[in-house]
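Heads up: the structure comes next, in structure tokens.
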Amino acid sequence: MTVDWSRLRHAWGRATDTPGHLAALESGDADARVAALDHLDIEVLHQGFPETATAPAVRAVTALLAEGRAHPDTVESLLEFLGDAAVSVTHLADDRYFAEILPDLADAVAEAYPVVLPLLAASPPDRALFRAENLVAIARMRSLADRREELAVLVLQWSERSVEPQAEWLHCLGRLGVDLRDRLIDPDPAVRLQAALAHEDDPRARELILAPLAEPPPPGVHQFALVAAAIRVAADFDEIAAAACQIAGRDSWAGFDDGWGALVRFAFPEPYARHRPLTEPQRALVRALVTNDQLWDPTNGSCRLVFQQAGLPSTRSACGRLAG
């Protein structure tokens, strides 16, 4: 099928440069291949937001992989691109802005699944977990629900012979809907946590999620996943306030979305206003934020937006005065 790229767009404008980058993935030199992969990541699927050129690019990448034409040093990045496209389909499913784009993108990524599945079966051991994570992202699309069981069998086989941490493999299995409740009593704390994250409705999982929240998570568990789960299972902010203060005091500015920022949003379901004084847990959180040097770069708009949405002052000194 011929694609008229001049009628399609990516994040920077018309996608007339995309065919050249796709060709470089097959026959370009090393610099051209790097530029092509950057193009897919930065322009074709910019920060996870698709454009009209994204689905045709997914189909072109799938063809390169299916026909063995992709240069060997691009395979992992191309699989990651397909996984990221699948995440976009899943996360933006209810976003009306993308309603016209997503059905075709979902179809394109679903068509890629049988092409890339053999990449995991034949994977070198040191690449298996990476490939599994991206295949899981693809299989989590609604249209591929009936393919998850076969992938889970393959992931389980890899987990049993891999030297990678078991917690990482359990994360994949949990995302595929595998029952992991027998691992809630595993001696490995990371494995217990991954099992708890997969079964938040189990009464034992709630304690496993909330108890270690104040400390950095063990290897194999990401803080953003633990924070998100804690917010879902906690009765209210007060229940996790002490742990939230610990996170707010040590987190990097990059946690504005799914780390300290998520906790600020949970603590302030309504923006602070003078007629509504801070509660003591809110006050403690603001104090913790003030102690964290990483959150107060005046040029960082992402951090500033978190404070503004919570009704808090956007300067460190003003927040300090508010917290007392």
Side-chain angles (χ1 to χ4, degrees), residues 47-49 83-84 86-95 133-134 136-137 139-142 165 167-181 183-184 188-270 281-282 284-285 288-289 292 294-295 302-303 305-307 309-310:
Q47 295 183 352
F49 296 112
D84 289 343
V87 170
S88 295
V89 170
T90 302
H91 286 181
L92 300 174
D94 298 320
D95 191 320
E133 289 169 339
N134 285 287
V136 167
R140 280 177 57 82
M141 294 195 312
R142 293 172 184 169
E168 298 280 6
W169 288 106
L170 250 69
H171 176 64
C172 291
L173 291 168
R175 287 169 60 81
L176 290 171
V178 175
D179 191 331
L180 303 175
R181 282 173 290 189
R183 309 301 291 273
L184 289 169
D188 184 337
V191 168
R192 292 198 302 271
L193 267 176
Q194 288 291 8
L197 293 173
H199 297 285
E200 293 175 9
D201 57 342
D202 189 294
R204 297 169 294 174
R206 187 175 185 277
E207 181 179 353
L208 287 171
I209 290 168
L210 296 182
L213 186 62
E215 301 298 325
V221 179
H222 297 291
Q223 179 176 274
F224 70 83
L226 195 55
V227 167
I231 289 173
R232 288 191 294 269
V233 304
D236 52 33
F237 176 73
D238 293 10
E239 184 176 9
I240 62 169
C245 290
Q246 294 295 318
I247 294 171
R250 68 169 186 261
D251 206 2
S252 78
W253 72 266
F256 69 87
D257 183 37
D258 50 20
W260 66 271
L263 293 166
V264 170
R265 288 187 288 274
F266 188 43
F268 291 89
E270 294 181 282
Q282 288 174 331
L285 179 64
L289 295 167
N292 190 336
Q294 301 183 70
L295 310 184
S302 297
C303 293
L305 183 61
V306 174
F307 292 108
Q309 289 176 336

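Computed over heavy atoms, backbone and side chain alike; hydrogens, waters and symmetry mates excluded. Sequential numbering from 1 along the given sequence is applied to the chain's residues.
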Is there side-chain contact between [X] and [Y], with at least one heavy-atom pair below 4.5 Å?
X	Y	result
E215	Q246	no
W253	N292	no
V221	P218	yes
C303	Q294	no
E168	P165	yes
C172	E133	yes
I231	F237	no
D179	H199	yes

Practice item. Assess the pair W260 and F307: is the distance between their ring centroids shorter than 6.0 Å? Key: yes
What heavy-atom pair brings [X] and [Y] nearest, and what distance separates the two atoms?
X	Y	answer
L180	A195	O-CB, 3.5 Å
V306	G261	CG1-CA, 4.0 Å
R192	L184	CD-O, 3.4 Å
D94	R142	OD1-NH2, 4.0 Å
A167	G220	CB-O, 3.9 Å
A190	P219	CB-O, 3.3 Å

Review point. Run the side-chain contact (heavy atoms from CB on, under 4.5 Å) check on I247 and L263 step by step: do they pass?
Key: CA-CA 9 Å; I247 294 171; L263 293 166; 3.9 Å; yes
Practice item. Identify, with sequence neighbours excluded, every residue that meets side chain to side chain contact (heavy atoms under 4.5 Å, CB included) alongside T90. Key: M141
Practice item. Verify the neighbour count for atom CD of E207: are there more than 12 heavy atoms of other residues, nucleotides or ligands below 6.0 Å? Key: no
Point to revise | side-chain contact (heavy atoms from CB on, under 4.5 Å) assessment of F224 paired with D257 | key: CA-CA 9 Å; F224 70 83; D257 183 37; over 6 Å; no
With rounding to the nearest 0.5 Å, note down the distance linking [atom1] in [X] to [atom2] in [Y].
X	Y	atom1	atom2	value
D201	R232	CG	CZ	11.5 Å
N134	D84	CG	CG	6.5 Å
Q223	D251	CD	CG	5.0 Å
H222	H171	NE2	NE2	6.5 Å
I240	I209	CD1	CD1	11.0 Å
D188	L193	CG	CG	9.5 Å

Exercise for review: Just jot down the salt bridge (Lys or Arg N to Asp or Glu O under 4.0 Å) partners of D236, sequence neighbours excluded, or say none.
Suggested key: none
Practice item. Tell me, please, which residues at least two apart from E239 pass salt bridge (Lys or Arg N to Asp or Glu O under 4.0 Å). Key: R206
Check your understanding: Any donor and acceptor pair, going by atom type alone, linking the side chain of E200 with main-chain N or O of A205 inside 3.5 Å?
Key -> no
Practice item. Ignoring hydrogens and angles, tell me if any N or O in the side chain of S302 forms a donor-acceptor pair with the backbone of F256 under 3.5 Å. Key: no
Check your understanding: Yes or no on side-chain contact (heavy atoms from CB on, under 4.5 Å) for L92 and F49, after CA distance, side-chain angles and deciding distance?
Key -> CA-CA 8 Å; L92 300 174; F49 296 112; 4.1 Å; yes
Exercise for review: Run the numbers on Q194 and R183 for side-chain contact (heavy atoms from CB on, under 4.5 Å), then give the verdict.
Suggested key: CA-CA 9 Å; Q194 288 291 8; R183 309 301 291 273; over 6 Å; no
